Amino acid sequence: FTDIQFYRPDRTLLALRELRLIECRQFDIASLEKLATSLREMNVWDTLVTLKMENCGRSLRYEDAAKIVGEEKLVFS
């Protein structure tokens, strides 16, 4: 089980260009949905250019990740 939430103390503009998930073998579709939701709630999802997922394929397939992240943002290996 992975619990991911992002917080910021104030409402200043926050930009996130790249996020890397490395060796995330226990990361599943529900975890990715929670991550994306949290980033959207923080209003940083639109600033995200690339979400790199390396060695995360055991519990998560590219097709599933692409549905949540979008093919234009996703780098999956």
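The structure presented is a predicted model; accordingly, all values stated were derived computationally and were not measured.
At least one side-chain heavy atom of I29 sits less than 4.5 Å from a side-chain heavy atom of D64. When side chains are defined from C-beta on, Y62 does not count as touching K67, because their heavy atoms never get closer than 4.5 Å. Side-chain contact between T50 and L19 is absent, with no heavy atoms from C-beta onward closer than 4.5 Å. Residues L51 and F76 have side chains not in contact (no heavy-atom distance under 4.5 Å, counting atoms from C-beta outward). A heavy-atom distance below 4.5 Å is not found between the side chains of I68 and L74. With a 4.5 Å cut-off on side-chain heavy atoms, L48 and K73 count as touching.
To the nearest 0.5 Å, atom CD1 of residue I22 and atom OG of residue S77 are 9.0 Å apart. Going from atom CE of M42 over to atom OG1 of T37 covers 13.5 Å, rounded to the nearest 0.5 Å. We find the OG-CD distance between S31 and Q26 to be 9.0 Å, quoted to the nearest 0.5 Å.
Using a cutoff of 4.0 Å between basic side-chain nitrogens and carboxylate oxygens, K52 and E18 are scored as salt-bridged.
The heavy-atom pair separating W45 from V69 by the smallest distance is CZ2-O, 3.7 Å.
S38 contributes no side-chain N or O that, together with a main-chain N or O of K34, makes up a donor-acceptor pair within less than 3.5 Å. Within the 3.5 Å criterion, the main-chain N or O of V44 finds a donor-acceptor partner in the side chain of T47.
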